[in-house]
Structure formats: structure tokens, C-alpha cells
Colleague: 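Pasting a structure below so you can have a look.
For the single chain, residues carry numbers from 1 onward in sequence order. The model shown is predicted, which means the values in this text are computed figures rather than measured ones.
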Amino acid sequence: MDAHANKIIQCFAFHTILKSQQKNQQNIGLVRQRKKRRALVAAWANLAMIAATSVQRELWMRQRTQDWWDRVVGTWGQELWVSNFRMRRETFEMLCVRLSPMLSYEDTTFRQAISVQKHVGVGLWWLATGAGYRTLAHLFGISDASVCLIVREFCHAVRNEMMREYIKLPEGEELQTVLLGFKNRWGFPQCAGAIDGSHIPVIAPPENHADYFNRKGWHSVILQAVVDHKYCFTNINIGWPGSVHDSRVLRNSVIYEKAERGVLFPNTTEEIQGTRVPIMLLGDPAYPLRSWLMKGYPETGNLTEHQRHFNKRLSGARMTVECAFGRLKGRWRCLSKRLDVDISLVPTVISTCCTLHNICKKHNEAYSEDPSAAGPPDVPPGDVDPLGIADIQPLRIREALTQYFAQE
């Protein structure tokens, strides 16, 4: 009896202790939950206090000064504006208006969008100087990555929005103006432009880099261009590696394809010395002799006086394209250095510079000569005709022009 009673008492005591422990554990859990809630509330309060007393951008990016762009550039006169952006403020603003649909962005929760004016300013500054991205980042108060992105976006915008408007072959009255311009300034009739190629330095691409190594000893991409009497580009072909011959670039261009089909220019001829002379382009000895493409007599050492005079007249008129290349590289200095962009972006950058060159010409922007900027002109490797022996008609046209200049 006593043993049974003791067992009951022990069971009751154990049950009581167990319930007490469970209750204590529940109390401890409640205390821990309360502590967590208090800590969470305190943390949110601290974050709210920090957000209320600090700039939101400072939480995730380094603060950069905007003073130079916001305060200094706005005080510049026209001379400083042209010297740094290569154009007057009016032309700069015209670019901003035209490119605004493609360069406008809305502010986000974390940052203020970069303005269209700053987009255009960064793009023009980089093209005009070829400065490093870090230099422009410090100057404009933005990040290196933003400079890289802005340059790319600006070049694509100019090429897609404005290139077709400012670079095109003359037609109608414009063509007549070009023909009259070459005849009045250089005495060369039926000339619609001069054609040539220029090497633009690039960083050797990882693939097929030997193809870009030109005869001058450095890597380049070829810019083939047709230029009118006012040094404006009327046609460009960009992208061939520097080792390719000028005649091959021409043969694979739209200019050659249209000219061989007889649709490059209207079928308008002028009778000179009894020969019907069509509208033509002027080229250097690297190009073939065609009815639509005139070049000088080969320098064999036994040219007649009339033939040497013809070469001199043709060379004078053809120098328009050399001058255009010089002004292009003098105004947009990034083309005189190795373009520090991916090879796939090189044609976009070069076409942007050609477009901006024409915009500056059409808006009468001043250009200061700098002979050291462009470097020496590209000299062809020799008088060749890789497309076959010239036919009789171009020879007759050249002879007729030779007699025409001799009589003058």
C-alpha cells in the first residue's frame, strides 16, 4: 500500500515538473519573440532616420560634382564653344533637338537621368579629342561606364537619324551646282566629285588582326569617300580592313555597282573636242580608268607637256577629297588616334564623324587649320588597273579633256 502510494506521488510530482518546464519554455519563446520585434522596429526606425537625413544616391554610388557642366560651360562664349565642341551653340542646340527622341530618359527612384544636352556634349567632346573615358567621367561628373554608354548611344543616334539627310549623292539642282562648282573653281568640266580612300587607325581586333595591318605598318580600317567641291562627303563606304587595295574596296561598293549599270548619274553629256563626255568622278592612280571615273596619265617619264598639264589640272580638282579627309581628322581628333572601341563599332563612329563634318559645313562652322592633326595624305602604291585593261572610250574622253585644257 505504501509502495503504491509512493509511486503515485512520484508520478504526480514528475507531471507537475514537466508542465512547469513546458510553461517556462513557452515564456522564454514569448520573450524572444518580443525581443526580435523590438530589434526589428528599432532597425526600421534607424533606416527611416538615415533616409530622412541623407541623399538617397549616397547609399549606392559615389557622389560626383556637376559644377563644371552646370556652371562653367554655360558661361562660355562662341570661341570657346567652337574650340571644344567644334560647333557654335546654335548648332549644338539643333543637334539636341534632333536627337532628343533617341537620347531622352526619365528619372528613376535612385538617380536623375542624364540630360540630352549632356549626352550630346559628352559625345562631341570624345569625338573631338579622343580623350579617355575616365577623363570625360571626371569632367562631366558621371561614371566611366556612363561615358562609354553615352558615346555609343550618341554615335548610333547621329548615324540613324541624320546620316541619310546629310550624306547623299547630289541630284537635280544640287548636281548642277556641284558640276558648276568644279568647273568654276578648278576648270574641270563634268565633274561630280572626287573619290579616294583613307586609313583610320584602330586597335588590332583579336580575330584576323593581320588583315587590318596596312602597307604603312599599322592596323586600320578603310574609309572610301566621294567629296563635292565644298569638301562635303556625298558617299562613304566604311569597314574594309587596312590591307585591302583601294580598287577592291571600290569594286565591292555601291558606287561601282551603280556606275557600271549606268545609274550613278544622269545620262547627261557635254561635247568636248568632238567627244561626248559624261558626268564623272576623279580618282588617283590606284583606281581603274572608266568613262565615269577619270584618272591621270601614268607617270612613265615620257609624258608630253599637254599630258602633264592634264595631270596637274586633275590633281588640283581631286585634292578636294584629300582636303576633306584632312579637315575630318582635324576636327574630330579621335580619327587621328587608334579608335579605342570594339571593331564592330568602328564604322558607326567614322560615319558619325563624316555626318557631323557635313553638318558643320552646311551650318558654316569655322574650321581652324592644323597641319599636324591629319598627317600625310594616303599615297597609292602605284598605277594599277586590277579590274582589267581600260576600254577605248575612257581613253578618248581623257584625250579630249587633254586637248580642251591645252587650248585653254
Side-chain angles (χ1 to χ4, degrees), residues 168-171 175 178-179 181-183 186-198 222-229 233-237 240 244-300 303 306-307 309-322 324 378-405:
K168 57 184 179 181
L169 289 170
E171 298 178 352
L175 177 58
V178 174
L179 295 175
F182 273 100
K183 189 170 185 179
W186 292 281
F188 212 102
Q190 293 292 87
C191 178
I195 185 171
D196 200 2
S198 181
I222 297 176
L223 161 63
Q224 176 187 278
V226 178
V227 174
D228 66 13
H229 64 296
F233 296 102
T234 58
N235 180 269
I236 55 176
N237 183 15
W240 282 87
V244 179
H245 195 278
D246 286 353
S247 61
R248 182 182 174 190
V249 177
L250 173 66
R251 188 171 67 246
N252 289 276
S253 66
V254 176
I255 286 286
Y256 184 83
E257 187 268 333
K258 287 186 175 181
E260 289 296 293
R261 290 194 295 113
V263 296
L264 181 60
F265 298 117
N267 189 22
T268 304
T269 60
E270 178 181 341
E271 185 172 347
I272 298 177
Q273 298 294 313
T275 302
R276 306 303 302 184
V277 177
I279 299 174
M280 67 185 73
L281 300 175
L282 305 182
D284 63 20
Y287 293 116
L289 181 65
R290 291 288 188 269
S291 298
W292 55 271
L293 178 57
M294 186 55 55
K295 68 176 184 178
Y297 290 94
E299 293 291 344
T300 58
L303 296 181
H306 291 169
Q307 290 174 337
H309 182 62
F310 172 85
N311 284 358
K312 184 178 179 180
R313 294 288 288 270
L314 184 141
S315 177
R318 193 188 63 80
M319 284 303 294
T320 53
V321 65
E322 295 288 356
D378 295 331
V379 180
D383 191 280
V384 295
D385 188 3
L387 302 184
I389 300 176
D391 57 40
I392 298 300
Q393 188 60 20
L395 297 175
R396 291 175 177 171
I397 294 173
R398 184 166 64 182
E399 183 62 28
L401 290 171
T402 302
Q403 297 301 321
Y404 171 76
F405 293 146

Colleague: Compare all side-chain heavy atoms of Y256 with those of R290 and state whether any distance is below 4.5 angstrom.
Modeller: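 Yes, side chains in contact.
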Colleague: Does any N or O in the side chain of Q190 come within less than 3.5 Å of the main-chain N or O of T268, such that one atom is a donor and the other an acceptor?
Modeller: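 Yes, the answer is positive, given that a donor and an acceptor are paired below the 3.5 Å cut-off.
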Colleague: How many angstroms lie between atom CZ of R396 and atom OG of S291, to the nearest 0.5 angstrom?
Modeller: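 Answer for the CZ-OG pair, R396 versus S291, is 10.5 Å.
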Colleague: Between A192 and L179, what is the shortest heavy-atom contact and its length?
Modeller: N-CD2, 3.9 Å
Colleague: Quick check for you: to the nearest 0.5 Å, what is the distance between E260 atom CD and L293 atom CG?
Modeller: 9.5 Å
Colleague: Determine the minimum heavy-atom distance between P394 and L289, stating which atoms define it.
Modeller: CB-CG, 3.6 Å
Colleague: Can you tell me how far OH of Y287 sits from NE2 of H245, rounded to the nearest 0.5 angstrom?
Modeller: 9.0 Å
Colleague: NZ/K312 to CG/L314 distance, rounded to the nearest 0.5 angstrom?
Modeller: 13.5 Å
Colleague: So, for W292 and L264, which heavy atoms are closest and what is the spacing to 0.1 Å?
Modeller: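 In this case the closest contact between W292 and L264 is CE3-CD2, 4.4 Å.
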Colleague: Identify the heavy atoms of P189 and L401 that sit nearest to each other, and give their distance.
Modeller: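 Distance-wise, the nearest heavy atoms are CG-CD2, 3.9 Å.
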Colleague: Any donor and acceptor pair, going by atom type alone, linking the side chain of Q273 with main-chain N or O of Q403 inside 3.5 Å?
Modeller: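 Side chain of Q273 to backbone of Q403, a donor-acceptor pair under 3.5 Å: no, none is there.
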Colleague: For R398 and G296, indicate whether the former's side chain and the latter's backbone hold a donor-acceptor pair under 3.5 Å.
Modeller: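 Here the side-chain-to-backbone pair exists.
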Colleague: Give, for atom CZ of F188 and atom OH of Y404, the distance between the pair rounded to the nearest 0.5 Å.
Modeller: 10.0 Å
Colleague: Please confirm whether the backbone N or O of I397 pairs with a side-chain atom of T275, one donor and one acceptor, at under 3.5 Å?
Modeller: no
Colleague: Is a donor on one side and an acceptor on the other found under 3.5 Å between the side chain of N235 and the backbone of L169?
Modeller: no
Colleague: Would the distance check show the side chain of S253 and the main-chain N or O of L250 forming a donor-acceptor pair, the cut-off being under 3.5 Å?
Modeller: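 Judged by distance alone, yes, a pair lies under 3.5 Å.
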Colleague: Indicate the atoms forming the closest heavy-atom contact of V226 with G193, along with that distance.
Modeller: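 That would be CG1-CA, 4.4 Å.
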Colleague: When rounded to the nearest 0.5 angstrom, what is the spacing between CD1 in I272 and CD in E399?
Modeller: 13.0 Å
Colleague: I want to check something: taking the side chain as every heavy atom from C-beta on, are R251 and R248 in contact at a cut-off of under 4.5 Å?
Modeller: yes
Colleague: Is the shortest heavy-atom distance from the side chain of D246 to the side chain of Q224 under 4.5 Å?
Modeller: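 Answer no - side chains too far apart.
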Colleague: Answer yes or no: is there a side-chain heavy-atom contact under 4.5 Å between M294 and F310?
Modeller: yes
Colleague: Which of these passes side-chain contact (heavy atoms from CB on, under 4.5 Å) with D196: L281, V321, T320?
Modeller: V321
Colleague: If you compare all heavy atoms of F233 against all heavy atoms of A225, which two are closest, and at what distance to 0.1 Å?
Modeller: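 Minimum heavy-atom separation between F233 and A225: CD2-CB, 3.5 Å.
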